[in-house]
Amino acid sequence: MKPLFLLSAFSISRTVWGTSWIVPGAVWYDTAGQKIDAHGGGVVQRGSTWYWVGYSASDSETDDRGTEDQTPLMYQSTDLVNWENLGKQAPSVTGMWRPKFASPNGSSFWLYGQQDRNVLSLSSSQFVGGYSQKAKGLLPPNKYSYSDTGMFLDEATNVWYLLTSADHNTVQINKINSDGSIGSLASTLTKGAYEAPGILESDGIYFLIVSGKTGYRANANQAFWATSPAGPWTGPSDVAPPAEKTYNSQNTYEFAVAGSQATTYVYMGDAWDSKGTEASNYVWLPVAVDAKAKKVTLQYHAMWKVDPVTGVVSYPATRKRYAAAEAEMSGRDGVVVPMAADRCFGGDENVCAAAATTDSDNNIKQQRTMVHRLRTGDEVTFRNVTGRFKTPHEWVSVRYTVNDPDAGEAYIKVNDQTTPVNLSEYNSRAGYHHMVPVRLRLDEGDVNTITLGAIGTAGFEMEVEGLELHEDD
Ligand SMILES: *[C@@H]1O[C@H](CO)[C@@H](O)[C@H](O)[C@H]1NC(C)=O
Ligand SMILES: *[C@@H]1O[C@H](CO)[C@@H](O)[C@H](O)[C@H]1NC(C)=O
Ligand SMILES: *[C@@H]1O[C@H](CO)[C@@H](O)[C@H](O)[C@H]1NC(C)=O
């Protein structure tokens, strides 16, 4: 039973811009309805509150994406889903990339990041706000220039470690001294061109997660392991199927939700746009840790959450489904075809394919097994979609696949909207996963019309399975 004040705080945030789910790749809004702007960041827990610090990629002066601020912004949350913007932490500091929080002696508060390929450290006497520059320099002991700040608190020793990717393809791990200065070298990883390091620890095994070096283009991030931050680091192993390119993201940080029933490790990744602007999104996923096999594996889910009290991960139940097979198709080239055998529409994905063939209700079987195959110019229109207008916007999951995400896109129109919006503007997973939740504004009741269309090259095809609405949106 939650205390009453938590319930009322929750309902207040929901009447503003609340959500119940972590949706990797979607545009995430803060409780005031602004896009969350905390890139290359990390999350730390203090009491029952979680704080997310990252850098703002938006330009406060103009909107022209000219000189970006790159200044640390902090958000707070009690549920890891609804985040309130606490503002700039060091308003005079700009050009600071990937800020990470640390508190090396428990009574002063620090942010470490990269500025001009130096380590920039800021500190404050309070946790929120008031940060100012304390030091800036190259990375000891070898005066390496420096990039992609990571941070790890080793709870076994209560020591904070600064993680970096330094020159010469060296990922370097330095202790942070109790006075906040960068201390001795703990270990290095020199097994390849890696950057964007983060560490998680489970059962005495330390996993160092790193990305490859491909700029803002996603690559297959990998993990190494050791029995202490002092290394040596063994590996690599894949954190996800390599073709998924870490679900189009780059590692920035790992944190644990140590609950009463489970400890859930969370991977925080950045889904960069092509230039790393504020249009970039976030991919957070639970991490399965197999300390015996020395493997960490990202568990991809289009929508999920972790209970910050119990540590238990859950997923939304489906409230309603609208099968493409029952919707109207228009255009020249669209056809109704059987759904691919490894695909399904609705239900538990692992049992759905089996259910589709064994279902005695022909109608349901039909809905589950037929799709609309669209080409550029074709549309499928779903009528009488039930909106709740409980929140300003609700999640609608678009179930579809494309033959080539580089060849085109799905677009969407809701009700009297005349200009279609490409799904990638709502969710950077569009085209890369068969379930793409987008936040739409629906009217209350069975009155909404949603149109999906295909736009792309001559060879582009998409197969639309349908739409899903969720129980707790
Ligand atoms: C923690 O570090 C700060 C900054 O160096 C220093 O001012 C403060 O005295 C330290 N506190 C303790 C308890 O060591
Ligand atoms: C939508 O996607 C199509 C296909 O990739 C692209 O040609 C078009 O420019 C996009 N529209 C917008 C507004 O970005
Ligand atoms: C279906 O939606 C239309 C508007 O598109 C509305 O006029 C009609 O009343 C709806 N039908 C039902 C059964 O709700």
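Whatever order the structure lists them in is the order used to number ligands and atoms, beginning at 1.
- For the pair Glu463 and Arg373, the salt-bridge criterion is met [side-chain N within less than 4.0 Å of a carboxylate O].
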### Message
For a side-chain contact (heavy atoms from CB on, under 4.5 Å) check, start with the C-alpha distance between Tyr51 and Arg46, then their side-chain angles and the critical distance, and finish with the verdict.
### Response
CA-CA 8 Å; Tyr51 297 88; Arg46 280 170 64 80; 3.8 Å; yes
Could you list the donor-acceptor pairs under 3.5 angstrom formed by side chains in residues 125-135, with sequence neighbours left out?
unit_1: Gln126; atom_1: NE2; unit_2: Val128; atom_2: O; d: 3.0
unit_1: Tyr131; atom_1: OH; unit_2: Phe127; atom_2: O; d: 2.7
unit_1: Lys134; atom_1: NZ; unit_2: Ser123; atom_2: OG; d: 3.4

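- Remark: aromatic rings of Trp21 and Trp28 are distant, center separation not under 6.0 Å.
- Near Asp179, the atoms of ligand 1 lying under 4.0 angstrom from a non-hydrogen atom of the residue are 5 (O).
- Salt bridge status for Arg319 with Glu468: absent, with no side-chain N to carboxylate O gap under 4.0 Å.
- Under the rule for a salt bridge (Lys or Arg N to Asp or Glu O under 4.0 Å), the partners of Glu328 that lie at least two apart in sequence or sit in another chain are Arg383.
- Residues that satisfy the side-chain contact (heavy atoms from CB on, under 4.5 Å) test with Thr252, not counting sequence neighbours, are Arg98, Lys100, Met268, Asp270.
- At under 3.5 Å, a nitrogen or oxygen of Ser107, whether backbone or side chain, sits near a nitrogen or oxygen of ligand 1.
- Contact residues of ligand 2 (protein heavy atom closer than 4.0 angstrom to a ligand atom; sorted by chain and number): Glu409, Asn422, Glu425, Ile455.
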